[in-house]
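Just so we're clear, the structure is a prediction, and the values are computed from it rather than from any experiment. So that the names make sense, note that chain A is the first sequence line, chain B the second, and so on, each numbered from 1.
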Amino acid sequence: MKYLIVLPIIIPLVAASFCLLAWPWRQVQRWIGVLGSAALLAASIALFCQVNTSGIQVMSMGNWPIPFGIVFAADLFGSIMLVLGAIMGFAVSIYSLAAMDQKREAFGYYPLFQILMMGVSGAFLTGDIFNLYVWFEVLLMASFVLLSLGGERGQIEGAIKYVALNLVSSAIFLAAVGILYGTVGTLNFADLAVVLQHYPNQGLITTLAMLFIVAFGIKAASFPFFFWLPASYHTPPVPVSAIFAGLLTKVGVYALIRVFTLLFRGDTGYTHEIILVMSGLTMLTGIFGAVTQNDMRRILSFHIVSQIGYMLMGLGLFTKLALAGSIFYIIHHIVVKTNLFLVSGVVEKIFGTTELKKLGGLYHSRPWLSVFFLISALSLAGIPPLSGFFAKLVLIQSGLEIERYGIVAIALIVGLLTLFSMTKIWNEVFWKNPPEPVLPAPSFSPVGWMLPVTALAVITVCVGVLAGPIFELTIRTSEQLMNQEIYISAVLGARP
Amino acid sequence: MNSVILRVAAQILKPVFLIFSVFLLLRGHNAPGGGFVGGLVAASAFVLQMIAFDSAEARRHLRFEPHAFLGLGLLCALSSGIWAFFQAKPFLTGLWIKLQIPVFGLLKLGTPALFDLGVYFVVLGGVMFIFLPLKDE
């Protein structure tokens, strides 16, 4: 069915509209939210299967001739990201039923969440660089409101930093798109890829590429643009933190990978070298930040930064194996990171705080929660046989293959420090004796909280167990990315 | 604001504003106008009510909550794209029908107008969504 490609946009929009129509009835909104996320997941999986079996799907909006109209194009990379996003959306909407407070629900949490999912899906599907900007704005608008919804003091402080930095990034992105259009006169990804290959003044193109690195680097929270993330991600309620942690920076990484595999590959010795250096520094600064923190959610926020480094490492190395490693890493990271944040939400519910020194003894009172945390944490640190091990293995192997020992050493050291900082959380939150005096744990029904946590932990284990088939899939994905002709001919070949 | 002149004027101006907003909406396809500016003019009719009387009065004139207009507008704009599915054309393809109406002559109806109508409702809902709580403060 050829309309599958627009369904990931239409479904969240319909769900958001119905949530708005059902504004006074909170209960109805909750179920519309869950239904919408479930439908989005189903549509994304169907689209992925279609792309997997019959190649890149293309649709030109409004039947305008390509490359003048806005094109949606779903390749393997985009549809994998879409499925991951939809899984997280579904898990977090279930979690929200239990974890979201009434006040935020009454002020439009559910419609905003759907709009956020629409923006994320749109960014993964679009085949037009200006349209990519538009989807970024859609998801940023929703995220601005979600971040500040509730209006707590800490939240507003975090939101100001987040909004200011992201506006700067959007301005740079828009300027870069404008200059690009002024230079080569097209915005369609496939068409741009063709034109940029033969553009005489490659120096100008490299300059533009640098602008895009800055714009997407801010969104992806890579070094040296990461500082907004640890300042804001621990402030909103946990479901919001979790979906931000799982998805938003990854949209930036997605954009970087898309742009630097399809458009800017004329001077890889320069551009991709810069990305590689950025990735190494991102890993190091992120992990050093995490090691110094003493709050569970802050530690996890800094870990996002260090993990972004691994994803960029594959792009910087720029071989087929390395890109496959990056994609594997993204698959692993999104699931694990969202789950760690969801666990931190349960911890906050039990203790009323996530400061390490006020926590303890959870292994005794909540063994299952501890097990699920441990699965995710060890996977993040890269302990076999969990998903993170294979993701790191592929990246390190690809680094050794082309003899980039420096970045491999950094990746290994950062892996070790990740393990250190995960054991720190484990010791403080789950292992050590609870602090005195012991507060009576608030009674709450754990089903709604634990269901998504369990599901994501199971997915983490599955990614580890099924590492073979997933690795094969990521190799095919990276072949598609490395060979830009496939994308170009799929999009430009779809001309009527 | 307690002004008799403003209250009387607001009552008279409301239908004028609304008719003008619809005029702008319909004119928008080929000439200056459209859903956005039409929605703003329509919203200003209700904002005027709000200033002359109070927000309860404006809500009463609006009949539905602002969110309902937002949701309705989004669905309306979306539906303009869905029609194309029934003719196996890509999403958002503009479709037109020609109607021969006795006295007025040829009328061309198309899905872009539906999109504009959606924008009209979203802008109306959005503006009222912002303004009504301001008056309540």
Under 6.0 Å from the [atom1] atom of [X], do we count more than 12 heavy atoms belonging to anything else shown?
X: Tyr133(A); atom1: OH; answer: yes
X: Ile101(B); atom1: CD1; answer: yes
X: Phe48(A); atom1: CZ; answer: yes
X: Phe85(B); atom1: CZ; answer: yes

Checklist entry - Considering all heavy atoms of both residues, which atom of Ser60(A) and which atom of Pro90(B) are nearest to each other, and what is their separation? => result O-CB, 3.2 Å

Checklist entry - How about residues 103-129 of chain A versus chain B: which residues have heavy atoms under 4.5 Å apart? => result none

Item to check | Residues of residues 16-37 of chain A contacting chain B, heavy-atom criterion under 4.5 Å, by residue number | outcome: Ser17(A), Phe18(A), Leu20(A), Leu21(A), Trp23(A)

Next on the checklist: So for Met59(A), is it side chain, backbone, both, or neither that comes closer than 4.5 Å to the heavy atoms of chain B?
Outcome noted: side chain

Next on the checklist: Name the residue from Val14(A), Val6(A), Ile10(A) that meets the side-chain contact (heavy atoms from CB on, under 4.5 Å) definition with Ile82(B).
Outcome noted: Ile10(A)

Checklist entry - Of all residues at least two apart in sequence or in a different chain, which pass the side-chain contact (heavy atoms from CB on, under 4.5 Å) check with Ile45(A)? => result Leu41(A), Cys49(A), Val83(A)

Checklist entry - With a 4.5 angstrom heavy-atom cut-off, which part of Ala84(B) approaches chain A: side chain, backbone, both or neither? => result backbone

Item to check | Any residue of residues 9-28 of chain B which, by heavy atoms, sits under 4.5 Å from chain A | outcome: none

